[in-house]
Amino acid sequence: MKAVILVGGQGTRLRPLTLATPKPMVPLANKPFVSYVLEHLKEHGISDIVFSMGYLPEGIKAYFGDGSGMGVNLTYVVEDQPLGTAGAVKNVEEHIQDGDFLVLNGDILTDLDISGLIEHHRRKEAMGTIALTPVEDPTAYGLVRTGSESEVLGFLEKPSWDQIDTNLINAGTYVLRSEVLAMIPAGIEYSFERGVFPRLVGKGLYGYSSECYWMDIGTPEKYLQAHYDILEKSVETSVSDCLDQDFVCVQGKIDLKTGAKIVPPVIIGEGTVIEAGARVGRMAVIGPGCTISAGCVVEDSIVQENCTLEREARVRGSIIGAGASIGAGTLVDGGAIVGGNSKVGGDNILTNHIRIYPDTTVKAGTIKF
Ligand code: GDD
Ligand code: MG
């Protein structure tokens with residue numbers, strides 16, 4: 001069975017991390033996010049995969065190539081303009097064979113039983129089957145009402161609070177019959193969520209709800225949470241094997257100086273230097289090629305590759321983009337994001353979800369909130 005992964009979105013909610021890097025290439029535990037999606041598909045025997053792309057496609061192609069490095073067979077289709085989720089699938093129609101195919105949103109970390117979803121779809125002889133997952137706040141998702149036979153009774157994208165009568169939402173993975181392609185107009189923006197699914201209600205559309213790990217990584221909070229969940233092994237990923245009994249994963253050779261403290265769970269990338277008196281963890285992912293200087297603290301945070309933290313810099317609950325440097329004594333806290341290659345001078349206080357754009361220079365002692 002073929003799978004289409006939708007990766008054309010701009011990832012606006014993850015800016016500035018997605019300004020130069022498309023969401024699928026934003027690293028999760030030091031690997032491009034979408035590599036987890038590919039690994040997951042492969043585990044369920046799906047290896048023919050089409051990437052439907054729009055925004056910044058080149059980095060994805062350059063990294064994955066024909067997919068043979070991961071044991072999959074990849075095809076790339078780039079849109080001239082965003083066609084919406086369904087329009088994007090219509091646009092790759094020539095790569096889809098008759099019968100059933102899979103569609104996946106490209107920003108979901110999950111251990112969903114894809115084989116179980118396909119089986120359910122076939123048992124119901126469905127036109128389409130949507131994986132469902134419960135969430136506390138369905139307003140950011142597609143609400144799906146189902147009946148006793150798991151048939152979909154209603155699909156409501158981004159419902160308002162007064163419309164919410166179930167906690168089950170569209171988990172962003174579908175099995176569809178190729179006949180569904182005929183419902184999608186070609187060449188214009190059209191979505192599954194506001195177009196195809198509402199029209200398929202009562203016409204063979206089913207839901208498949210299951211207990212699984214599920215996270216849309218599309219906001220900084222969720223992106224951080226996905227790291228915490230990987231660190232605690234709340235979700236099975238290829239990184240789980242690297243995390244040893246003590247929940248430490250070192251991805252290659254690192255330079256851990258005597259007197260440096262590692263507080264698990266942590267993941268540390270190859271070639272990173274951690275100096276005496278620095279503390280990494282708990283809950284930290286440090287990319288390859290970083291320098292964490294004496295007296296630094298990194299906890300509940302992500303530091304992407306090739307970053308430098310100067311003496312006594314502290315990073316808590318925040319994200320430091322690749323190649324950034326944080327000056328001595330600076331505090332980065334409370335959901336702050338420092339964009340890639342930025343240079344933040346010493347004695348700054350970056351908190352309250354502040355977002356520093358990539359390649360920005362912040363002079364010493366200029367920001368104090
Ligand atoms: N090729 C292509 N073209 N891909 C697109 C386009 C497009 O025009 N628009 C969005 N995508 C891709 C995004 O890159 C992402 O991987 C996926 O489609 C979903 O888009 P998001 O922008 O992340 O949507 P959302 O998170 O607000 O809502 C969707 O996902 C929820 C689950 O996380 C909907 O499918 C909801 O119904 C669902 O609950
Ligand atoms: Mg999303």
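First listed ligand is number 1; within each ligand, the first listed atom is number 1.
Partners of Y208 according to the ring pair (Phe, Tyr, Trp, His ring centres under 6.0 Å) rule, which considers only residues two or more places apart in sequence or in another chain, are H120. The disulfide (SG to SG under 2.5 Å) test applied to C212 returns no partner, not counting sequence neighbours. Under the rule for a salt bridge (Lys or Arg N to Asp or Glu O under 4.0 Å), the partners of E299 that lie at least two apart in sequence or sit in another chain are R279, R316.
If you check which protein heavy atom lies closest to atom 39 (O) of ligand 1, you get N170 O, 2.6 Å. The protein non-hydrogen atom at the shortest distance from atom 18 (O) of ligand 1 is L6 CB, 3.6 Å. Scanning the protein heavy atoms around atom 8 (O) of ligand 1, the nearest turns out to be G84 N, 2.8 Å. Closest to atom 14 (O) of ligand 1 among all protein heavy atoms lies G9 N, 2.8 Å. The nearest heavy-atom contact from the protein to atom 29 (C) of ligand 1 is N105 ND2, 3.5 Å. K158 NZ, 2.8 Å is the protein heavy atom nearest to atom 27 (O) of ligand 1. Atom 23 (O) of ligand 1 has D107 OD2, 2.8 Å as its closest protein atom, hydrogens excluded (heavy atom only). The nearest heavy-atom contact from the protein to atom 35 (O) of ligand 1 is E193 OE2, 2.5 Å.
Closest non-hydrogen pair, T18 versus R15, comes out as OG1-N, 3.3 Å.
Screening F64, F51, Y63 for a ring-ring contact (aromatic ring centres under 6.0 Å, His included) involving Y76 leaves a single residue, F51. V4 pairs with exactly one of T85, T75, I96, I49 by the side-chain contact (heavy atoms from CB on, under 4.5 Å) rule, that one being I96.
For ligand 1, the atoms sitting less than 4.0 Å from at least one non-hydrogen atom of D216 are 26 (O), 32 (C), 33 (O), numbered in the order shown with element in parentheses. Ligand-side atoms of ligand 1 in range of P82: 8 (O), range being under 4.0 angstrom from any heavy atom. Counting atoms of ligand 1 from 1 in the listed order, those under 4.0 Å from a heavy atom of A88 are 1 (N), 2 (C), 3 (N). Heavy-atom contacts of K23 reach the following atoms of ligand 1: 23 (O) (cutoff under 4.0 Å). Numbered from 1 in the order shown, with element, the atoms of ligand 1 that lie under 4.0 Å from a heavy atom of T85 read 18 (O). When each atom of ligand 1 is checked for a heavy atom of Y174 under 4.0 Å away, the hits are 35 (O).
Between G8 and ligand 1, at least one pair of N/O atoms sits closer than 3.5 Å. Every N/O-N/O distance between I169 and ligand 1 stays at or above 3.5 Å. Residue Y141 has no N or O atom closer than 3.5 Å to an N or O atom of ligand 1. Inclusion of G106 in the set of residues having an N or O under 3.5 Å from an N or O of ligand 1 is warranted.
In this structure, K23 fails the cation-pi test against F33, since its NZ or CZ atom is not both closer than 6.0 Å to the six-membered ring centre and inside 45 degrees of the ring normal.
A donor-acceptor pair is defined here as one N or O able to donate and one able to accept, closer than 3.5 Å; no such pair exists between the side chain of S178 and the backbone of D98.
The proximity of Y190 to ligand 1, defined as any non-hydrogen pair under 4.0 Å, does not occur for either the backbone or the side chain. Of all the heavy atoms of L83, the ones lying under 4.0 Å from any atom of ligand 1 belong exclusively to the backbone.
The cluster map of Ile, Leu, Val, Met, Phe, Trp and Tyr, joined by side-chain heavy atoms under 4.5 Å apart, puts Y213 and L231 in the same cluster. Note on L28: it does not cluster hydrophobically with V338, by side-chain heavy-atom contacts below 4.5 Å among ILVMFWY residues. The same ILVMFWY cluster, assembled from side-chain heavy atoms under 4.5 Å apart, contains both L205 and V196.
Under the 30°/60° scheme for interplanar angles, the aromatic rings of F197 and F155 are found to be tilted.
At a cut-off of 2.8 Å, measuring from the Mg ion (ligand 2), the protein N, O or S atoms that fall short of it are D107 OD2, D216 OD2, waters left aside.
Remark: K90 engages E93 in a salt bridge, criterion side-chain N to carboxylate O under 4.0 Å. A salt bridge links E149 to K124: at least one charged side-chain nitrogen sits closer than 4.0 Å to a carboxylate oxygen. Salt-bridge annotation for R282 and E232: present, with a side-chain N of the basic residue lying under 4.0 Å from a carboxylate O of the acidic one.
Checked by atom type, the side-chain pair N91/E79 shows no donor-acceptor distance below 3.5 Å. With hydrogens and angles left out, the side-chain atoms of K31 and S238 include a donor and acceptor closer than 3.5 Å.
Residue contacts with ligand 1 include W214, since one of its heavy atoms falls under 4.0 Å from the ligand. The shell of residues lying under 4.0 angstrom from ligand 1, judged by heavy atoms, includes R13.
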